[in-house]
Amino acid sequence: MNYELNNARAEVFCFESSGEVKEYHVMIHAHAAGRSFQQQLDAVLDSYEQLKSEHLKGATAVFKRYFLSDVANQADEVLLADTSDCAKSIVGQPPLDGSKIGLWVYMQTHVTTRQLPSGLYEACHGGLRHLWNGSAHNTAQNSEYQTRLLFNEYIMQLAQEDCTLAGNCIRTWLFVNDVDVNYGGVVAARNKIFFTQGLTEDTHYIASTGIGGKGLEAGVMTQMDNYAIAGIKPEQIHYLYAPTHLNRTSDYGVSFERGTYIDYQDRRHVIISGTASINNKGQIEHPKDIIKQTRRMWENIAALLSEADCTYDEVGLMIVYLRDIADYDVVRRLYDERFPDKPCIIVNAPVCRSGWLVEMECIAVKKFNNSTLPAY
């Protein structure tokens with residue numbers, strides 16, 4: 001569903017099944033037209049309130065991410081304007097439609113939210129507690145140390161909720177300032193932390209996107225968002241590999257899963273990590289060709305979705321990362337042709353390997369029936 005609102009446009013995906021909880025992914029794009037950042041922010045927030053009151057009645061935000069064109073000068077205004085009680089991520093990844101701000105909101109009905117003493121935000125329904133966190137950061141001396149501190153703090157937060165990184169964390173996002181320089185430190189720290197937490201190529205890793213993005217403060221080289229589920233059972237979690245198209249990330253020294261799906265009584269959630277134009281030997285496919293890289297990326301994601309018995313029809317959210325802003329028009333045209341109605345944002349954010357021109361992550365949800373599993 002697409003809505004034209006007051007100086008903004010919204011794309012909305014809705015999932016509804018036999019269970020109580022209805023889910024929405026909402027992507028709001030400000031109309032630029034020479035408007036200041038404050039005017040665009042007001043348009044986005046006013047449009048969000050209008051959607052809630054007129055079209056998404058009873059829905060509560062459990063996670064928000066703001067994509068900003070100049071985070072150093074804009075983040076404070078966002079924090080002052082948005083006081084909602086949910087996890088908020090603010091990242092310097094300029095929207096490439098000419099606007100200064102984009103907003104993704106994940107919403108649910110029949111849910112209560114609150115910030116916990118651990119600092120994590122809880123969305124509670126049924127017997128499970130969904131734990132979200134946004135924009136975690138510090139200003140330690142380098143990207144490796146910052147990443148190590150981020151994960152150590154998160155592990156302690158999870159422990160306060162009787163959770164562990166290996167058993168409960170479903171998804172992380174790592175936003176790396178000057179990714180070509182600082183990503184190596186992020187990888188080194190994550191590999192070491194994961195090993196100490198029992199996360200290896202013989203057990204499992206965690207779905208993740210590691211991508212270029214500026215943090216809230218000067219000196220932040222790595223910023224993290226994360227999502228965990230307290231009460232999740234091991235048999236609910238499955239990992240996606242698509243070996244015909246992709247290799248294991250450990251083959252080239254990094255530690256994340258290509259994708260994860262989680263089964264509940266009435267639905268299946270599919271979380272696809274940042275995925276680029278790569279083959280099953282770990283090599284870049286179609287160097288320097290943005291059109292062919294985009295199509296190979298789509299093919300790789302389709303293979304991952306297929307392992308979870310899904311297609312693009314069930315996808316409710318797409319986030320697309322471009323290294324070169326000059327590629328925007330051609331990539332936008334490709335997406336408009338193939339996915340005209342999907343909630344989607346295209347931002348400027350270099351991928352972790354310079355030869356990758358484009359990367360995409362997505363989230364899908366489909367109906368599922370297994371009465372032995374916990375309800376969502």
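What's counted below: heavy atoms across the whole structure, side chains too, no hydrogens, waters or symmetry copies. Since the model is a prediction, treat every value here as computed from it, not as a measurement.
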Any side-chain donor near an acceptor of the partner, Trp298 and Tyr335, under 3.5 Å: yes
Flag, side chain of Arg258 to backbone of Asn247, donor-acceptor distance under 3.5 Å: yes
For Thr113 and Glu122, indicate whether the former's side chain and the latter's backbone hold a donor-acceptor pair under 3.5 Å. no
May I ask you to decide if Pro94's main-chain N or O and Ser69's side chain share a donor-acceptor pair within less than 3.5 Å? no
Please check if any side-chain donor atom of Asp225 sits under 3.5 Å from a side-chain acceptor atom of Ser89, or the reverse. yes
Tell me if the aromatic rings of Phe339 and Tyr312 count as close, with their centers under 6.0 Å from one another. yes
Please confirm whether Tyr121 and His130 have ring centers closer than 6.0 angstrom. no
So, Ser135 versus Lys88: side-chain donor-acceptor pair below 3.5 Å or not? no
Are the aromatic ring centres of His125 and Tyr376 under 6.0 angstrom apart? yes
Under a 4.0 Å threshold between the charged nitrogen and the carboxylate oxygen, would Glu314 count as salt-bridged to Arg268? no
Answer with yes or no whether the side chains of Tyr264 and Asn370 bring together a donor and an acceptor at under 3.5 Å. no
State, without any angle test, whether His31 and Glu4 hold a side-chain donor-acceptor pair at a distance under 3.5 Å. yes
Donor-acceptor check, side chain of Gln146 to backbone of Ala140, threshold 3.5 angstrom: yes or no? yes
Pair Phe151 + Phe194: ring centers closer than 6.0 Å: yes
Between the side chains of Arg148 and Asn152, is a donor N or O closer than 3.5 angstrom to an acceptor N or O? no
Side chains of His204 and Tyr239: do they bring a donor and an acceptor to under 3.5 Å? yes
What I want to find out is whether Lys100 reaches Asp70 closely enough, with some N-O distance under 4.0 Å, to be called a salt bridge. no
Does any donor atom in the side chain of Gln50 or Ser53 lie under 3.5 Å from an acceptor atom in the other side chain? no
Between Ser118 and Gln160, is there a donor-acceptor pair closer than 3.5 Å when you use the side chain of the first and the backbone of the second? no
Ignoring hydrogens and angles, tell me if any N or O in the side chain of Asn182 forms a donor-acceptor pair with the backbone of Asn177 under 3.5 Å. yes
Test item: side-chain donor near acceptor, Thr200 and Asp202, under 3.5 Å: no
So does Arg171 pair up with Glu361, basic N to acidic O under 4.0 Å? yes
What one should report as the nearest heavy-atom pair of Tyr205 and Ser250 is OH-CB, 4.0 Å
Assess whether a salt bridge exists between Glu161 and Arg129, defined as any Lys/Arg side-chain N lying under 4.0 Å from an Asp/Glu carboxylate O. yes
Is a side-chain donor-acceptor pair under 3.5 Å present for Asn7 with Arg35? yes
Is it true that Arg295 and Glu299 have a side-chain N and a carboxylate O under 4.0 angstrom from each other? no
With Arg353 as the cation and Tyr252 as the aromatic partner, state whether NZ or CZ is under 6.0 Å from the six-membered ring centre and within 45° of the axis. yes
With a 3.5 Å cut-off and no angle check, do the side chains of Tyr3 and Glu11 form a donor-acceptor pair? no
In the structure I gave you, are the side-chain heavy atoms of Met107 and Leu56 within less than 4.5 Å of one another anywhere? yes
For Gln293 and Asp289, does a side-chain donor sit closer than 3.5 Å to a side-chain acceptor? no
What I want to find out is whether Arg323 reaches Glu359 closely enough, with some N-O distance under 4.0 Å, to be called a salt bridge. no
Taking Arg332 first and then Asp336, would you say they form a salt bridge - that is, a charged N and a carboxylate O separated by under 4.0 Å? yes
Given 3.5 Å as the limit, does a donor-acceptor pair link the side chain of Thr294 with the main chain of Ile290, or not? yes
Should Lys367 and Asp266 count as an ion pair when the cut-off is N to O under 4.0 Å? no
